[in-house]
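Start at 1 and go down the list; that is how both ligands and their atoms are numbered.
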Amino acid sequence: MSSALDALPVRDDLKGKAPYGAPQLPDAVQLNVNENPHAPSAALVADLARAVGEAAATLNRYPDREAVALRTDLAAYLSKQTGVPLAIEQLWAANGSNEVLQQVCQAFGGPGRTALGFEPSYPMHPLLARGTSTGWVGVPRGQDFSLDLDTAVAAVREHRPAITFLTTPNNPTGTITGLDVVEAVHEAGDGIVLVDEAYAEFAASPSAVTLLDNCPRLIVSRTMSKAFALAGARVGYLAASPAVVDALRLVRLPYHLSALTQAAARTALAHADELLGTVEQVKQQRDRMVREIGALGLQVVPTESNFLLFGQFEQPARVWQALLDRGVLVRDLSSGPGLAGWLRVNAGTEPETTAFLDALKEITS
Ligand SMILES: *Cc1c(COP(=O)(O)O)cnc(C)c1O
């Protein structure tokens, strides 16, 4: 970062660090941040405008600090999606699941404590640990990016983390971690086990929500940013025991979720069937990408999400640039742990996916 920043009394552990973020290039075919490519329908936009308009009439007042109506709707949605009965006391929401995860780090991490994750995984987990002065241990995954039970349990026994992150489907690999691993990790230590299920609606595998009854230190985080096609509204949530939710109340900012956000999220949840109706289309385009990238002689990591890793390239940065030169933006995470040679791309609409595949064919032929 700039020397002007270094001249400030910024925390020692932040000096020289770069902020997190992928390029935002609205003119490109944007397949780099795992969004749902389908914009809300005109009918949903009208409903959102009405709901946000009604909330606007109350903006002289602080919003419901406990977001009771929203958490009730989230409990109903998640119960229906997972088949597990959930009470509102088990649900918590914030501005994107990133804020949810930050609150978890604030409440259960902190100086002298450690968080652990299995890499490559979501780079925000170590960044949220750092921002809350929580130590970080990154344990490597297997060659095929899987996470086996013995490796996971041994790592937890060795490091005794206050928080263990398990991401399934894992970003950026798309791979799944079985519920047997989640249970064993919970059993192996006395810390929080956070299962990040940001992409659960795309997966065929069962949710860790089914384990909540028997695992009091388990947290399952979800987001409306991916399958739900609501990234711009910034809504994430988690399910856990009521005691975990009480702990998060100790660190959340008062009135952290605006009345406008709560209104928009509730409206989207009322249209869940329509929004999630795009999931099948997205999965079809993903399966098409798996087939057609494979037919080019490239490798694809098996995925249960809306994105995939493809490669391996000797110079992934050059492939990334060549795709961008053809108007297609993908993600180059190849400098991250265990990701040398790989690029990540998410499924787009049919024309967007075609644009990507055509560009890739041109580059590799
Ligand atoms: C995208 C993503 C999130 C979600 O972030 P939001 O803050 O809810 O938009 C969380 N975890 C993982 C693994 C992700 O890929």
Is any side-chain heavy atom of S41 less than 4.5 Å from a side-chain heavy atom of E274? yes
Using a strict 4.0 Å cut-off to heavy atoms of A198, name the atoms of ligand 1 that fall inside it. 2 (C), 3 (C), 10 (C), 11 (N), 12 (C), 14 (C)
Polar proximity ligand 1 side, S225 side, N/O cut 3.5 Å exclusive: yes
Using the ring centroid of each side chain, check whether Y77 and F228 are separated by less than 6.0 Å. yes
Can you confirm whether E187 is buried at CD, in the sense that more than 12 heavy atoms of other residues, nucleotides or ligands lie under 6.0 Å from that atom? no
Option of least heavy-atom distance to atom 3 (C) of ligand 1 (set: K226, R234, E197): K226
Does the E197 side chain pair with the main chain of S207, one donor and one acceptor, at a distance under 3.5 Å? no
Between N171 and ligand 1, is there a nitrogen or oxygen pair with a distance under 3.5 Å? yes
Using non-hydrogen atoms of the residue, decide whether T167 is closer than 4.0 angstrom to ligand 1. yes
Polar side chain donor-acceptor pair, R286 to N346, under 3.5 angstrom: no
Look at atom 15 (O) of ligand 1 and say which protein heavy atom is nearest, naming residue and atom and giving the distance to 0.1 Å. Y199 OH, 2.6 Å
Min N/O separation D196 to ligand 1 under 3.5 Å: yes
So, do Y199 and F307 have ring centers that fall under 6.0 Å from each other? yes
S97 and ligand 1 - part of the residue with a heavy-atom distance under 4.0 Å: both
